[in-house]
A.B. asks: 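Got a structure for you, questions after.
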Amino acid sequence: MKRFYSSSVSEDLGCRRGEFSRKHYGSVELLISSDADGAIQRAGRFRVENGSSGENTGYAPGTWHRTDVHLENPEYHTRWYLKYFLGKVHQNYVGTDAEKNPFFLSVVLSEQNNQRIPQYHSILWRKTGTQKICLPYSPTKTLSVKSILSAMSLDKFEKSPREIFHPEIQKDLLVLEEQEGSVNFKFGVLYAKDGQLTDDEMFSNETGSESFQRFLHLLGDTITLKGWSGYRGGLDTKNDTTGTCSIYTVFQGHEIMFHVSTMLPYSRENKQQVERKRHIGNDIVTIIFQEGEESSPAFKPSMIRSHFTHIFALVRYNKQNDSYRLKIFSEESVPLFGPPLPCPPVFTNHQEFRDFVLVKLINGEKATLETPTFSQKRQRTLDMLIRSLYQDMTPDLHKGNNMLNRRSFSDVLPESPKSTRKKEEARQAEFVRLGQALKLKTTVKGDTTANLASTSFCKKEPWESQSFCSNFPHEVVCADSWGQSLLVSTDAGILLIDDGQPSVQVFDKSLQIKQMNVLEALDLLIARTDKGKDSRILVFRLSAVQKDIETKKIIRNKYDCRENKLERTKGCHLYAINTHHGSELRIVAAIRNKLLLVTKKYSLDDTSISTSLLSSPESPVEEFQYIREICLSDPPVVMTLVDGPTGDSDNMICVAYRHQFDLINESTGESYRLHHVETNRVNFVAAIDVYEDGEAGLLLCYNYVCQYRKVYPFSGHSPLVQPSAYDFHFSWNQVPYAVVCAFPYVLAFTTDSIEIRLVVNGNLVHTAVVPELQLVASRSDIYFKATAAVSGSSESSSKEMSSKSSPQTPTAYEKPELPLPSLEGEVPCKNLYKIPLSNLVGRSIERPLKSPLAPKVITATPLSGITSLPVMHSLPLSRMEIKEIASRTRKELLGLLDEPIPKTESAQKLKKVYRRQSDPKQGAVRSTSSDRIISSSFEGYSERRHLSTSSDPDTSANREENSPSSYPFQLISLYDEDIIDLK
């Protein structure tokens, strides 16, 4: 007998979601180059990416699908001033902080997103860089400059900020934003023959091979430089001094000019080819196309004498299988950047290879700008520009003329005050006119990604959502996935929801569950109920809950769960379990400032008790044992269990309270300071345990910040908590209320958006605006609730980019276009959406998870030109019962019977399932009857039939298309050759 709580693919994926490795991004090596005589020329430390050897372990060929090929920190998400501010009425402020460093603040109320949701976008310009945050708009609450700066951790001032009215400030702020880096790129392409070991030899190649020419044609188009009006990448477009032709392309809105060594001027007298090195040697990224077999001497970055080039992409072409092999060398100081190379790094699809290379190189150049060599120069430039701009305004600041507003901390208003309406409208008109002109000039110059929509419009992204349940009317408290279903705690009780099926009530609303975990592998449901002093932790056996659902017994209430209460947990306000549980389940319950550690007596691997569990009592309370109690100084707000490397006296508990994150040793109760928050107000969000190559680390999320701290192996009983080169931090654009990790992504959920970044470096890859967003569950697949206005949570803003890339005439402030309720006072219905975890983690895995709801409709594969009927699974029927019911069904459908099918027990069974038996050859389930049921396509049949029909809209549409004249009857094989894989 197959046990219901056997391990599922969903749970396996859920356990792996926090596991990642930087080895996917290469390892640092000392590379030494020598000349033909073996003498050492140069040496350098580079990170070498050649594909991770262990990346595909356990997966058959063809099941691996890359999902992480994305531009990081894309300009259409990061160039806020150009996108949201220019051409619109907005406010700019100037002030100095406590250290007398000047700063500028820009604020705009914008609806420029795919859902027309009004949001405040704010940019803080400081010498250390720009800080961007997004704040929700409330029509009843006025936002002040002071609150915006406080959200950016700027509370103390030497001079309070004042508003700048002069429209010319927009030019200066646009210059500040352009310091973040160019939106267009220039890459070097160096041709190397087989056996060439020095840069002089490579730069001296006058022409390239046929395979090199095909590679150039793959990269882009050949353009004539003279008279070229597009991005020129430093090449001469007037006098042909840098060659007559070059390679150019546009990729996802970015113009790219390639400096090709064989197209740049060649000099027979100059062995060093200075003119070629002048361009390629000053490129941050260079592609090396090397001829020859893989066994021949390979290229090393130390062969190139350049202090400017930080990234080399080595490309080899294999004529035998028409494929390209890629290898990446990055200077040691360059931060990690994606996408990681596949294993092996061989591409047979040339277009896929081109897209991968261009994304990798663009991300690489952006990452290089964060190295000390470039970041220090950028910071000095930014500091000089900000101070110069502030000094230009100093006379006006003292005079108090019309350029600066005398008011300090003025409110950010969507409309101007009525008292000065005419004068303000004239100022705003001039302000907007200049902003439009600047935006148009920038677009024409090619310094904006205006053509983004044409390149990525049809791309399917891994975070795209699927509709799971439409018009869900209840308020969701918490939820967790159970197989393919969702167990949801609502204001109407505990419901079990499955895609396309009516919800089933499991507990009534007297049982108020505030937190829950469904552990299919352990046959357990863990829940925290009620609130305050009455709150407790309950444990249920999933098989018992499943039995109640199948037998449709009376719905259990709060008083039926007395035997499920876990001892000593009264007053529990928070609990946590070890998400990567192996042999032992651990539960830590927080009761005010005390932590109660409880473990399960028996492990799943204990074969001596595996049979006794089948006959164990309905309540699994006796299977748990109290271990110890740990006292804290304050009640924890966030709590996460961290698995130690051995699991023997080295497991930890991460807790957040007051202004700090602490690590607590489960065995000794000792506390260690992990991170202290240096802000006045702290909003703790999450502490996520992630495991890098088996070693624990923590993503600490609070306010706008996400810190990664690596927890090193223990020395005795103490973890080594100290700063490390592996630690990093990044800031969200909006304060999240929940954060979900699904390597390679980390997703932040706010009240109206999903912000998606990469775990390894915190770089932004996408922001999806979702109105009235609520995260529901995230243990395996990610479920969230949103209004019916959502057409898709991952709908790209590329449509909006294409429509608003050129300056638009500003209009009066409009309210968001949300669907109006059909009746007065009616609350708009919301839908439940699902983001499959298998899409996010990059592996395409079949997920035939057994649903707790019975029966589950599975549409059989139809014959050619024939519409299928649903197949349903339940209790087995005898062969004679199947023949009898099939015969009577056939006669009734043909009109030979006047009386309907009797509602016998066998008939009721057939409504749920057909008989199945195992086929040892196929390893699948095969039906045992050769009878065929004839299904009429007449509309009247839908009112007479007694077999359940599919709720699939596609199936319904097919039935409507087949008119009675064309298909008077349809033959559907339900018992003959239908095979359903239930592995």
Side-chain angles (χ1 to χ4, degrees), residues 75 78-97 99-110 120-133 145 148-149 152 154 157-184 369 375 377-408 410 412 427-448 807 810:
E75 277 68 17
T78 59
R79 290 296 179 95
W80 279 21
Y81 196 75
L82 178 67
K83 178 180 180 180
Y84 298 111
F85 290 76
L86 282 186
K88 296 180 178 61
V89 176
H90 63 274
Q91 293 173 282
N92 301 297
Y93 299 84
V94 60
T96 54
D97 59 20
E99 287 76 28
K100 298 184 179 182
N101 294 315
F103 66 85
F104 290 86
L105 175 70
S106 299
V107 184
V108 68
L109 180 61
S110 172
Y120 286 108
H121 288 80
S122 305
I123 307 176
L124 179 62
W125 318 84
R126 308 179 75 174
K127 70 175 185 178
T128 53
T130 59
Q131 185 179 353
K132 307 179 182 74
I133 64 171
V145 176
I148 296 175
L149 293 173
M152 294 176 165
L154 186 57
F157 311 96
E158 194 266 337
K159 288 185 179 180
S160 301
R162 294 191 176 187
E163 185 175 354
I164 307 171
F165 281 124
H166 203 286
E168 293 293 329
I169 187 63
Q170 297 175 94
K171 293 181 181 179
D172 301 300
L173 295 180
L174 184 60
V175 171
L176 294 183
E177 185 172 69
E178 289 174 351
Q179 304 309 309
E180 297 179 13
S182 174
V183 298
N184 301 320
L369 296 178
S375 62
K377 293 179 180 179
R378 182 174 66 252
Q379 182 172 328
R380 288 196 298 267
T381 303
L382 197 59
D383 184 27
M384 180 189 66
L385 290 173
I386 290 177
R387 290 187 180 277
S388 175
L389 182 58
Y390 179 76
Q391 290 173 1
D392 293 341
M393 293 184 176
T394 301
D396 300 292
L397 187 63
H398 292 303
K399 293 178 183 178
N401 62 12
N402 291 333
M403 184 175 179
L404 289 171
N405 187 6
R406 291 190 179 94
R407 291 175 301 156
S408 176
S410 60
V412 179
R427 186 196 70 82
Q428 288 185 4
E430 175 63 18
F431 193 92
V432 169
R433 186 197 64 78
L434 182 60
Q436 287 181 330
L438 284 172
K439 193 167 188 177
L440 179 61
K441 182 180 179 180
T442 305
T443 303
V444 172
K445 194 170 61 173
D447 291 339
T448 176

A.B. asks: Using atom types as modelled and distance alone, determine if a side-chain donor or acceptor of Arg387 lies under 3.5 Å from a backbone N or O of Pro102.
C.D. replies: no
A.B. asks: Between Glu163 and Asn92, is there a donor-acceptor pair closer than 3.5 Å when you use the side chain of the first and the backbone of the second?
C.D. replies: no
A.B. asks: Which heavy-atom pair separates Gly435 from Gln170 by the least distance, and what is that distance?
C.D. replies: CA-OE1, 3.5 Å
A.B. asks: So, are Asp97 and Arg126 salt-bridged, with charged N and O less than 4.0 Å apart?
C.D. replies: yes
A.B. asks: Measure across Val432 and Gly87 and return the closest heavy-atom pair with its distance rounded to 0.1 Å.
C.D. replies: CG1-O, 3.5 Å
A.B. asks: What residues form a side chain to side chain donor-acceptor pair (under 3.5 Å) with Thr96, not counting sequence neighbours?
C.D. replies: Glu158
A.B. asks: Over 60° means perpendicular and under 30° means parallel, so classify the ring planes of Phe85 and Tyr81, tilted if in between.
C.D. replies: parallel
A.B. asks: Who are the side chain to side chain donor-acceptor pair (under 3.5 Å) partners of Ser122, not counting sequence neighbours?
C.D. replies: none
A.B. asks: Between Arg378 and Glu178, does any NZ, NE, NH1 or NH2 come within less than 4.0 Å of an OD or OE carboxylate oxygen?
C.D. replies: no
A.B. asks: Report the residue from Trp80, Tyr93, Trp125, Tyr84 that forms a side chain to side chain donor-acceptor pair (under 3.5 Å) with Ser106.
C.D. replies: Trp125
A.B. asks: Evaluate the criterion side chain to side chain contact (heavy atoms under 4.5 Å, CB included) for residue pair Asp383 and Asn101; output intermediate values, then yes/no.
C.D. replies: CA-CA 9 Å; Asp383 184 27; Asn101 294 315; 5.6 Å; no
A.B. asks: Could you check if a side-chain atom of Lys439 sits within less than 4.5 angstrom of a side-chain atom of Leu82, using non-hydrogen atoms only?
C.D. replies: yes
A.B. asks: Could you check whether Glu177 and Thr130, counting side-chain N and O atoms only, form a donor-acceptor pair closer than 3.5 Å?
C.D. replies: no
A.B. asks: Is the shortest heavy-atom distance from the side chain of Val107 to the side chain of His90 under 4.5 Å?
C.D. replies: no
A.B. asks: Output all residues satisfying side chain to side chain donor-acceptor pair (under 3.5 Å) with Asp172, sequence neighbours left out; order by chain, then residue number.
C.D. replies: none
A.B. asks: Could you tell me whether a side-chain N or O of Ser388 sits under 3.5 Å from a main-chain N or O of Met384, the two making a donor and an acceptor?
C.D. replies: no
A.B. asks: Could you walk me through whether Leu154 and Gln131 pass the side chain to side chain contact (heavy atoms under 4.5 Å, CB included) test, one step at a time?
C.D. replies: CA-CA 11 Å; Leu154 186 57; Gln131 185 179 353; over 6 Å; no
A.B. asks: Tell me whether Arg433 forms a cation-pi arrangement with Phe431, defined as NZ or CZ under 6.0 Å from the six-membered ring centre and within 45 degrees of its axis.
C.D. replies: no
